[in-house]
Each structure stands twice: as C-alpha cells, then as structure tokens.
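Below, each value reflects all heavy atoms present in this structure, side chains not excepted, and no hydrogens, waters or symmetry copies. Both counts, for ligands and for their atoms, begin at 1 and track the order of listing.
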Amino acid sequence: MNRIFSGVQPTGNLHLGNYLGAVRNWVRLQDQYECLFCMVDMHAITVWQEPGQLRQHTREVAAAMLAAGVDAKKNVLFVQSQNPNHAELAWIFNCVARIGWLNRMTQFKEKAGKNRENASVGLYAYPNLMSADILVYKATHVPVGEDQKQHLELARDTAQKFNADYGLEVFPLPEPLILGAATRVMSLRDGSKKMSKSDESDYSRINMTDDADMIDLKLRKAKTDPLPLPESPAELEGRPEAANLLGIWAALADIGRDEAVARFAGQQFSAFKKELTELAVATLGPINAEMKRYLADPAEIDAILAQGAQRARALSAPVMAEVQDIVGFLKASG
Ligand code: TYM
C-alpha cells in the first residue's frame with residue numbers, strides 16, 4: 001500500500017518555495033495516494049518560538065494548506081504535537097540512529113552555526129523525529145523540496161537498521177518525491193541562498209500572504225544581472241538569479257525550465273519580471289483570499305485539525321504497539 005506523509009514547520013508564513021517545492025505537489029498527489037499532511041510544531045520548537053506566535057503560525061499554515069487545495073476530508077491534516085506517537089517513536093529512533101549519522105546532517109550545521117555547543121539537543125536529534133513522523137504511519141512516499149533529501153536518506157537508514165537489528169521487515173524504506181521545476185527556490189536577494197522563512201530580509205521571499213502590490217514590489221526589487229535573459233539553458237551557468245527567476249516562472253506555468261528559457265530568450269529582465277509578477281499574482285491571489293476566509297474562523301481550523309489528529313492517532317496506534325512489542329517493552333496490563 002502506498003501512503004504519503006509530509007510536514008511543514010509552523011515557524012512563520014509559508015513562502016513561494018514551500019508552495020512550489022511542497023504544498024502544490026501535495027495537492028496533486030492527494031488523488032493518487034492516501035496522504036497525511038502535518039504541521040510539525042515539535043520540530044519548530046527546536047529553535048525558540050514565542051508561544052502565542054507558534055499557535056498563530058500553526059493556524060496560518062493550516063489555512064494556507066487548505067486554501068491551496070489540500071482536502072482535509074480526503075487526507076489527514078493535523079498538528080504533530082496532537083499525536084504523541086511521533087515523540088514516542090522518535091525516542092526509540094534516538095536509540096537506533098548513530099551519532100555519526102547525525103553529525104553529517106548539513107541542516108544542523110547550517111542552523112546551529114558557529115555556536116554549536118549552545119544549540120538545543122532537539123535541533124541535533126531533529127532528523128530522528130522526522131523519521132518517526134514518516135515511519136509511525138509506515139509511509140512509503142514523502143513529497144518534499146530538495147533540501148530535505150539528506151534527512152530522508154537518514155530515515156531510510158534508520159528504517160533499515162531497525163529492521164536489521166530486530167530481524168523483521170517492520171518499516172518500508174520511504175521514497176522521496178522531489179517534483180516540479182522549482183525543487184529549490186532561491187532567495188530573491190541572493191541566488192546562492194535558499195528562499196527561507198528565517199531570512200532576515202522579507203524581500204528575499206514571496207510569502208503566501210503577500211498581496212499583489214507586495215509581490216510586484218518584491219519581484220521588481222529581485223536581484224538580477226546586467227545581461228539579457230539567456231538564449232539557451234547552458235548560458236544559465238554562473239547566473240543564479242536568472243536561473244532562479246526562470247525556474248519560478250516555469251514552475252508557476254507548469255512547464256520545464258528549458259521551455260521557459262526558450263520563451264524569454266534574449267529579453268530584458270524588466271519585461272520578463274512583468275510577466276512573472278502577473279503569473280505569481282494570478283496563482284497566489286486566489287489562495288490568499290481563501291486563506292483570509294479560513295483565518296476569520298480559527299475555531300473551524302482547530303476543529304478540522306482536531307479531527308485530523310484523531311484519524312492520525314488511529315493510524316499510528318497499531319504501528320506503535322507493534323514496535324513496542326518488537327523492542328521488548330512490557331505491555332501494560334489491566
Ligand atoms: P520546512 O518547513 O522547512 O519546509 C516545508 C517544505 O517546503 C520545502 N521547501 C522548499 N522547497 C523549494 N524551495 C525552497 N526554498 C524551500 N524551502 C522549503 C521543504 O523541502 C519541505 O518539503 N524538516 C521539514 C519538515 C518535516 C518533514 C517531516 C517533511 C518534519 N517532518 C516528515 C517531510 C516528512 C522542514 O523543515 O520543512
């Protein structure tokens with residue numbers, strides 16, 4: 001059986017990278033797979049989150065997913081902390097995954113920066129919780145952006161080691177699904193940096209809550225180079241900003257990047273940016289309006305998420321019981 005799990009951290013508003021790299025693909029996959037989509041608030045607190053903001057961002061991210069077309073009846077849409085099985089399996093995986101594996105994780109190195117000694121233990125063990133998110137449902141496929149590839153390799157290694165240690169085929173080895181022309185959307189200010197919620201400059205990203213004027217302003221200010229747009233894909237070499245903006249256009253238009261290059265070959269950035277703005281506004285505008293409608297009724301969002309959590313718990317409970325038994329935990333009697 002094929003089952004999808006994917007998650008997003010409610011550490012701020014979703015941006016265009018989250019949308020093109022992940023959420024839009026989820027909407028497309030929901031007709032082919034049984035899907036669980038999760039706001040991973042326990043991952044979020046691996047770095048400091050102001051409690052009131054965390055709650056607000058969790059609702060906002062849920063609203064963005066619903067507005068983007070994630071069907072909460074068909075799929076399981078829920079908040080990670082509302083299913084304690086994630087934390088429980090993560091602990092077991094802390095005892096399966098090796099320190100050497102975690103030491104290789106580039107995201108930890110990037111996020112901890114120079115002051116590693118002062119990073120939370122949670123930030124270090126983050127990938128084990130992510131493996132647990134996926135494997136507590138025995139999910140087989142995980143649609144993500146390119147930046148999560150290394151974490152998924154670790155999830156596969158952990159599943160494999162657990163199976164080998166206990167001599168049983170308990171967990172599937174989950175496959176990443178990295179789809180579309182924008183699997184790694186870069187910052188609008190610096191084509192060598194990933195578009196990210198944590199970038200200090202809001203001009204580095206397009207948020208899913210940005211209105212048409214803001215999208216226009218950010219794209220007009222987006223960094224470019226002095227040359228006209230390239231005549232061929234090979235000429236994108238060494239032009240990260242051009243590559244990024246053409247990749248965004250291609251993803252929004254749902255075509256390959258090479259086709260986008262052919263379409264704008266030799267044009268000036270100013271003309272191209274106008275078309276890009278129109279396309280971005282046409283795509284994000286309706287989502288934005290829907291999101292506002294959902295956010296006007298937070299109780300409704302909470303109810304949808306509570307139902308999702310109930311379904312998630314029902315799906316993970318038998319897996320958790322199986323794992324506890326395999327590991328040798330004594331069953332609580334009575
Ligand atoms: P997060 O919250 O950073 O991002 C959510 C999703 O958006 C994708 N993404 C991008 N795609 C393209 N370009 C970008 N600039 C960009 N930025 C983010 C991410 O790849 C991701 O798919 N660790 C995960 C959350 C997580 C998870 C999981 C994912 C926790 N448990 C289990 C899958 C399965 C994260 O921090 O995503």
Neighbouring residues of ligand 1, heavy-atom cut-off under 4.0 Å: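 Heavy-atom contacts below 4.0 Å: Phe5, Ser6, Gly7, Val8, Gln9, His15, Gly17, Asn18, Gly21, Ala22, Val40, His43, Tyr126, Met130, Asp133, Ile134, Val142, Val144, Gly145, Asp147, Gln148, Ala182, Thr183, Arg184, Val185, Lys194, Met195, Lys197.
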Aromatic centroids of Phe171 and Phe93 separated by under 6.0 Å: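 Judged by ring-centre distance (under 6.0 Å), Phe93 and Phe171 do meet the cut-off.
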Pair Tyr137 + His86: ring centers closer than 6.0 Å: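 Tyr137 vs His86: aromatic centres under 6.0 Å.
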Ion pair check, Lys194 and Asp147, cut-off under 4.0 Å: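 So Lys194 pairs with Asp147 through a salt bridge.
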Nonpolar side-chain network containing Leu330, other nodes, edges under 4.5 Å: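 Result for Leu330 is none, singleton.
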For Leu217, the rest of its hydrophobic cluster, which grows through side-chain links under 4.5 angstrom: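 Tyr203, Met214, all in the cluster of Leu217.
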Counterpart residues, side chain to side chain donor-acceptor pair (under 3.5 Å), relative to Gln49 (two or more places apart):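 Side chain to side chain donor-acceptor pair (under 3.5 Å) list for Gln49, sorted by chain: empty.
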